[in-house]
Structure formats: C-alpha cells, structure tokens
Asker: 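Quick one: the structure is below, questions incoming.
Order of listing sets the numbers, starting from 1, for every ligand and every atom in it. These numbers come from the heavy atoms of this one structure, side chains and all, not from hydrogens, waters or symmetry mates. As the structure is a prediction and not an experimental result, all values here were calculated from the model.
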Amino acid sequence: MTPEPSPTRPVRVALLGAGVVGGAVARLLTEHADDMRARVGGSLEIVGIAVRRAGRDRSDLGLDPSLFTTDADELVTRADVVVEVIGGIEPARSLILRAMEHGASVVTANKALLAEDGPTLYDAAAEHGVDLYYEAAVAGAIPLLRPLRESLAGDEVRTVLGIVNGTTNYVLDKMDTTGAGFADAVEQAQALGYAEADPTADVEGFDAAAKAAILASLAFHTRVSGVDVHREGITEVTAADIAAAREMDCVVKLLAICERTDAGVSVRVHPAMIPRSHPLAGVREAFNAVFVEADAAGQLMFYGRGAGGDPTASAVLGDIVAVARHRVGGGLGPGESTYADLPVLEMGQAVTRYHISLDVEDRSGVLAQVAAAFAEHDVSIETVRQQLVPGTASQSARANLIIVTHTATDAALSSTVERLRTLDVVRGVNSLMRVEGS
Ligand SMILES: NC(=O)c1ccc[n+]([C@@H]2O[C@H](COP(=O)([O-])OP(=O)(O)OC[C@H]3O[C@@H](n4cnc5c(N)ncnc54)[C@H](O)[C@@H]3O)[C@@H](O)[C@H]2O)c1
Ligand SMILES: N[C@@H](CCO)C(=O)O
Ligand code: NA
C-alpha cells in the first residue's frame, strides 16, 4: 500500500549498507540536501543507515552517529524509500521485499540479485504499488537503464553491445598496452582497487553476465536471467591471443552482446576481437561503454565510469530523486515490461565470426584438408594467411595458418574447430577468438 503523498512530511530515506557506494550516497545526500529538496519538491530525511558492525568510526560521512543501526529489519519498516547497497542475494532480497511490504519504494545497485531474481522484486513492487529503480546496477554512473526503460520506450531496440565490466577492461587494456600477462594485469587491477581480492565475479564474466541479463530484459521486454546468458570470462585470454588481435589491427575486449533476431533474443558475454577503428576499442582502463541500436533512433553510444563510490552514487541519487518525487507528487515509474516474451536462444544459434590460428604442417594438401573442414560445416572463409615457423633441419616444416571466417552460427563455427582438432595435419590451435563489430 502506497502511503498518501504528503508534501509537508519529509520523504524518509533508509540506507542499507555504508560501504563504497553506501558511504558515498550518505555523504552526497547530506552535502546536496538543499538541491535535493528543490529537485524532489520536498525534503529528504535520512532516518537510518543499516550497517553490519556497530561502533566503527564513520565520522567522515558527516552524519549523526545515532542514525547507524545493525537492525536493518526494523529500519526498512519506517521508510518511504529504501536504498539497498549491501549487495549479494541475502539478506538483500528479504530486506527489499520487507521494505516493499511496508510500502517503501526501493533503489538498489544490486545487479547480482536483479539478474537472479528480478521478477520476484518486480512482482512485489507491483503488488505493493511501489517503485523499483536500479540505474546503478549496470554501468555505474552511466545513464543507461533509464534511457532503455523510458526514453526508448517507443522504439524497437535491436542490439545492445558493450563493455560493462571495468575490472576486466582494465586487465585486457594492460595486457594490450604493456604486454603484461593475465595474472600480472589482475595484480595491477587489485593494487588500484579495481579488482577485488577474489576477482572471480569479474574475470569469469559473472558480473558482466548479470548486467547483460538486466539490459536484455529491458531492451527486449522479455525476462532474461543470469543463467540464460552464455558466459565466458577472460581467464583463458593469453598473450598469444592479444598478439594475434594486434596483427589483425584488433583489440580484445570482454563484450556483453544482446541481440534481437527473427528467432528470438541472444544474450552472451565473452572476449572478442574488435577492430581498433571501432569506438569500443578506444575504451581504455576501467571505463565502460555501451552501444544501443534501435530501429528509429539508429545508433546511440553511452560512455563513462561503471564503478567507484561517487560515480555509482550519482546513479543512486538520481533514482532517489525520481522515486522521492513520486512520493511527493504521486504516481509511479515504469514497472516490469515482459509483454514481448521472446524466446531466449542458445549460444549455438548466435551469429558471429571466428579468428582461428592453427599450428599446421607445411606440406602439400594441408590447406585443402583445412578448407574441407570449413566447407563440411558450411562455414565460409574470409581470409587465410600463412606464416612459416622457423625450425631446425631435423624438424618437419611447420606453419601458422591464420583464418578469419565470414559470419556463421556459433554451432557451425565451433563444430568446425572440433573437426580441425581431429586432423592429423593440425598440430594444435594457437589462438581462437570470436570477432565482433566489423
Ligand atoms: N563499488 C562499485 O563500484 C559498484 C558499482 C556498481 C554497483 N555496485 C553494487 O553496489 C552494491 C554495494 O557495493 P559496494 O562496492 O558498496 O560494496 P561494499 O562491500 O563496499 O559495501 C557493502 C556494505 O554492506 C555492509 N553489509 C553487509 N551485510 C549487511 C547487513 N546485513 N546489514 C547492513 N550492512 C551490511 C558491509 O559491511 C559493507 O560495508 C553491490 O550490489 C554492488 O554490486 C557497486
Ligand atoms: N566489479 C565491477 C563493479 C561495477 O559493477 C566492475 O569492475 O565493473
Ligand atoms: Na547506470
């Protein structure tokens, strides 16, 4: 049940979590209280901040110490707006649901929860007539979800393609620009505070896959959860892959790709080579960038900081203003839109291109056998390049065969590679990567 709008009573805001994002939200809410009041049309009052441990010195946030509580369950029952920046599935989900049951709108940055169980949150928001906003959950500060949910609501989105994980972009950028190996680049990212002590969620692509699920759900009006997303991280990307990309005048990026085709929607996260001339190739360090292509709008690009306390808090504050305005003036923002209910396709149905570098024997008939494997799977070759590998007199002659395909289904391309691995003339696969954006 939504409380009656009351312009005279402040909008009561409860914050769950005072970590990197929560701390920045608390500080900025206080620093900009006057501007927030003017933008909302009524004042905001922080009624409490739930923390895990009491007694820590939080004087840097400039807040009354009595606002801190370890009883989040109680706090969510006395707020109009609950801001969840704890992260993880539980207790975040239970606290959000409890907040909604008590009539609070919710702002969250929690992509993991939204990708795993977004529909439960949306259903609860609809049942209790409250807002659920989560701009910070994807690409941090970059306004991206509001454009998809609201600005492009009249258009037909075809593609969302982007770099949505700053940590992995930093690692791949360092591997490309300094020649660092994967482990060294991860250490550098950890030293700078980009990568966590346990970088699994980032480097294995879980974080990007959660964001891809959220983007695809909004873009295609279809429920897509994290498990629907084909996910490959960057742990297998080698210096040889980076060098192979450089020879092609390409760069390796971890891409989140959401596409609408005649058959349904395809959502995937994997490393891919993109041409250096592609705008996403110029996205350096820990920045994020996302391309959106819609029927009427054409191509749009969004660029900025996808992580960090203040940048993420900027998105959270924007959401707080939006939902607080609804409290003051009435109304609700858009709820879940799943009317299109498109089928979510298997990875094998995705259409892509492969770059394959093969270690082969250099003798007559080798190229014909390799070409036959492609033909068997109806995969057309775009370019072939051969590099001789210098060897000793006692060794048989060897070469690297570098092949770039035309587009084909991922199923046909991966079957071709499996067939190539069985050929006697193929000693091994040096490097294998999808090519996107050209
Ligand atoms: N850090 C970023 O750059 C960034 C960017 C976008 C989204 N996010 C998302 O924002 C959320 C918060 O991230 P963060 O970086 O601030 O994490 P963080 O670990 O710095 O902060 C989380 C805080 O929640 C507290 N906490 C844990 N359980 C609690 C409980 N039961 N009650 C009260 N407090 C509890 C922790 O003690 C910690 O201080 C996550 O969902 C994350 O995915 C973070
Ligand atoms: N770990 C994430 C934080 C923002 O979601 C990243 O590196 O982009
Ligand atoms: Na965002």
Side-chain angles (χ1 to χ4, degrees), residues 14-26 48-54 56 58 61 68-76 82-96 98 107-116 133-149 162-172 186 189-190 192-211 214-215 218 234 254 256 283 285-290 302-319:
L15 203 54
L16 309 181
V20 173
V21 179
V25 169
I49 303 174
V51 293
R52 193 158 43 180
R53 278 185 300 279
R56 270 186 51 191
R58 297 184 172 90
L61 302 179
F68 293 98
T69 172
T70 52
D71 192 351
D73 279 326
E74 183 276 330
L75 177 60
V76 300
V82 168
V83 182
E84 184 278 304
V85 276
I86 292 172
I89 306 303
E90 286 295 347
R93 173 173 48 202
S94 300
L95 288 168
I96 288 174
R98 186 172 164 79
V107 173
T108 177
N110 194 334
K111 58 248 167 176
L113 175 57
L114 286 157
E116 179 163 315
Y133 273 54
Y134 46 90
E135 180 60 75
V138 183
I142 307 173
L144 178 60
L145 304 190
R146 188 101 36 109
L148 284 171
R149 262 211 307 187
I163 296 166
V164 293
N165 183 269
T167 304
T168 48
N169 199 58
Y170 181 87
V171 168
L172 293 171
V186 170
Q190 282 167 329
L192 285 166
Y194 294 131
E196 311 242 340
D198 175 2
T200 309
D202 292 320
V203 297
E204 296 287 2
F206 288 104
D207 178 78
K211 293 165 177 171
I214 294 168
L215 290 171
L218 293 175
I234 63 164
L254 182 70
V283 178
E285 306 241 307
F287 279 85
N288 286 192
V290 179
F302 301 82
Y303 173 85
R305 289 190 191 276
D310 280 19
T312 308
S314 165
V316 172
L317 260 69
D319 283 352

Asker: Mark up the atoms of ligand 1 that fall under 4.0 Å of a heavy atom belonging to Pro91, in ascending order.
Answerer: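 What qualifies from ligand 1 is 31 (N).
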Asker: Identify, by atom number and element, the atoms of ligand 1 in contact range of Val51, meaning under 4.0 Å from any of its heavy atoms.
Answerer: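 Here the atoms of ligand 1 in question are 33 (C), 34 (N).
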Asker: With a 4.5 Å heavy-atom cut-off, do Val51 and Arg58 have their side chains touching?
Answerer: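 Side chain of Val51 against side chain of Arg58, heavy atoms only: contact under 4.5 Å found.
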Asker: Check each atom of ligand 1 against the heavy atoms of Ala50 and keep those under 4.0 Å away; list them by number with element.
Answerer: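 That gives atoms 33 (C), 34 (N) of ligand 1.
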Asker: Which residue owns the protein heavy atom closest to atom 30 (C) of ligand 1, what's the atom, and how far is it?
Answerer: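 Protein heavy atom at minimum distance: Ile86 CD1, 3.7 Å.
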Asker: Closer than 3.5 angstrom, by distance alone: can the side chain of Asn288 be matched with the main-chain N or O of Gly304 as a donor-acceptor pair?
Answerer: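 Absent.
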Asker: Quick one: look at Lys111 and ligand 1, take heavy-atom pairs under 4.0 Å, and tell me if it's side chain, backbone, both or neither.
Answerer: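 Side chain only.
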Asker: Under 3.0 Å from the Na ion (ligand 3), which protein N/O/S atoms are there?
Answerer: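 Metal shell, protein only: Glu135 O, Glu135 OE2, Val138 O, Gly140 O, Ile142 O.
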Asker: Give yes or no for whether the N/O distance cutoff of 3.5 Å, strictly under, is met between Ala307 and ligand 1.
Answerer: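 No, there is no polar N/O contact under 3.5 Å.
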Asker: Any idea which protein heavy atom is nearest atom 5 (C) of ligand 1, and the distance to it?
Answerer: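 Here the nearest protein heavy atom works out to Thr312 OG1, 3.2 Å.
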Asker: Would you compute the distance between atom CD1 of Ile163 and atom CG of Asn169 and round it to the nearest 0.5 angstrom?
Answerer: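 Interatomic distance, Ile163 CD1 to Asn169 CG, rounded to 0.5 Å: 4.5 Å.
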Asker: Less than 4.0 Å between atom 17 (O) of ligand 1 and some protein heavy atom, yes or no?
Answerer: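 For atom 17 (O) of ligand 1 the answer is no, since every protein heavy atom stays at 4.0 Å or beyond.
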Asker: Any idea which residues sit under 4.0 Å from ligand 2, heavy-atom distances?
Answerer: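 For ligand 2, the residues that come within the 4.0 Å heavy-atom cutoff are Lys111, Asn165, Gly166, Thr167, Asp202, Asp207, Lys211, Gly306, Ala307.
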Asker: Please determine if Arg56 forms a cation-pi arrangement with Phe68, meaning its NZ or CZ atom is less than 6.0 Å from the six-membered ring centre and no more than 45° off the ring axis.
Answerer: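 Negative - Arg56 is either too far from the ring of Phe68 or too far off its axis.
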Asker: With a 4.5 Å cut-off on side-chain heavy atoms, are Glu84 and Leu95 touching?
Answerer: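 Result no, sub-4.5 Å side-chain heavy-atom pair not found.
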Asker: Would you call the rings of Tyr170 and Tyr194 parallel, tilted or perpendicular if under 30° counts as parallel and over 60° as perpendicular?
Answerer: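 Geometry flag for Tyr194 against Tyr170: tilted rings.
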Asker: Quick one: are Val164 and Leu215 in side-chain contact, heavy atoms under 4.5 Å?
Answerer: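 In contact.
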Asker: What residue and heavy atom of the protein are closest to atom 15 (O) of ligand 1, and at what distance?
Answerer: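 Checked against all protein heavy atoms, atom 15 (O) of ligand 1 sits closest to Val20 CB, 3.6 Å.
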Asker: Look at atom 21 (O) of ligand 1 and say which protein heavy atom is nearest, naming residue and atom and giving the distance to 0.1 Å.
Answerer: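 Checking every protein heavy atom, the shortest distance to atom 21 (O) of ligand 1 gives Gly19 CA, 3.3 Å.
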Asker: Among all the protein's non-hydrogen atoms, which is closest to atom 12 (C) of ligand 1, and how far away is it?
Answerer: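 Answer, as residue, atom name and distance: Val85 O, 3.3 Å.
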Asker: Where does Ala136 meet ligand 1, judged by heavy-atom distances below 4.0 Å: at the side chain, the backbone, both, or neither?
Answerer: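 It is the backbone that touches ligand 1; the side chain stays farther off.
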Asker: Taking the side chain from Arg93 and the backbone from Leu113, do they hold a donor-acceptor pair closer than 3.5 Å?
Answerer: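 No; zero donor-acceptor contacts below 3.5 Å.
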Asker: Quick test: of every protein heavy atom, which one is nearest to atom 25 (C) of ligand 1, and how far off is it to 0.1 Å?
Answerer: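 For atom 25 (C) of ligand 1, the nearest protein heavy atom is Gly17 CA, 4.3 Å.
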Asker: Which atoms of ligand 1 are found less than 4.0 Å from any heavy atom of Gly308?
Answerer: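 In order of number, 2 (C), 3 (O).
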Asker: Just to confirm my output: which protein heavy-atom neighbour is closest to atom 36 (C) of ligand 1, and how far is it?
Answerer: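 Ranked first by proximity to atom 36 (C) of ligand 1 is Arg52 NH2, 3.8 Å.
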Asker: Of the non-hydrogen atoms in Ala139 and Leu144, which two are nearest, and what is the gap between them?
Answerer: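 The answer is CB-CD2, 4.1 Å.
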Asker: Can you name the nearest heavy-atom pair linking Ala92 to Asn110, along with the distance?
Answerer: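 Smallest heavy-atom distance, with atoms named: CB-ND2, 3.6 Å.
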Asker: Indicate, as side chain, backbone, both or neither, the part of Val21 found under 4.0 angstrom from ligand 1 when only non-hydrogen atoms are considered.
Answerer: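 For Val21, backbone and side-chain atoms both sit under 4.0 Å from ligand 1.
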Asker: Could you tell me, atom by atom, which parts of ligand 1 come under 4.0 Å of a heavy atom of Gly87?
Answerer: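 Counting atoms of ligand 1 from 1, those under 4.0 Å from Gly87 are 40 (C), 41 (O).
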Asker: Which atoms form the tightest heavy-atom contact between Leu15 and Ala26, and what is the distance?
Answerer: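 Reported closest heavy-atom pair: CD2-CB, 3.7 Å.
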Asker: Between Glu135 and Ser314, is any pair of side-chain heavy atoms under 4.5 Å apart?
Answerer: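 No, side chains not in contact.
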Asker: Please check if the side chain of Gln190 supplies one atom and the backbone of Ala197 the other of a donor-acceptor pair under 3.5 Å.
Answerer: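 Side chain of Gln190 to backbone of Ala197, a donor-acceptor pair under 3.5 Å: yes, one is there.
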Asker: Quick one: does Val171's side chain get under 4.5 Å of Asp202's, heavy atoms only?
Answerer: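 No. Closest side-chain heavy atoms not under 4.5 Å.
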Asker: Within a strict 4.5 Å, meaning less than it, do heavy atoms of the Tyr134 and Lys111 side chains meet?
Answerer: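 No; the side chains remain at least 4.5 Å from each other.
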Asker: Would a 4.5 Å heavy-atom cut-off, applied to side chains only, mark Val25 and Leu317 as touching?
Answerer: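 Yes. Closest side-chain heavy atoms under 4.5 Å.
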Asker: Minimum heavy-atom separation for Ala315 to Ala141, with atom names?
Answerer: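 Taking Ala315 first and Ala141 second, the nearest heavy atoms are CB-CA, 4.3 Å.
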Asker: Calculate, to the nearest 0.5 Å, the distance between atoms OG1 and CG belonging to Thr69 and Leu75 respectively.
Answerer: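 Taking OG1 in Thr69 and CG in Leu75, the distance rounds to 6.5 Å.
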Asker: Around atom 10 (O) of ligand 1, find the nearest protein heavy atom and jot down its residue, atom name and distance.
Answerer: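 That would be Ala109 CB, 3.4 Å.
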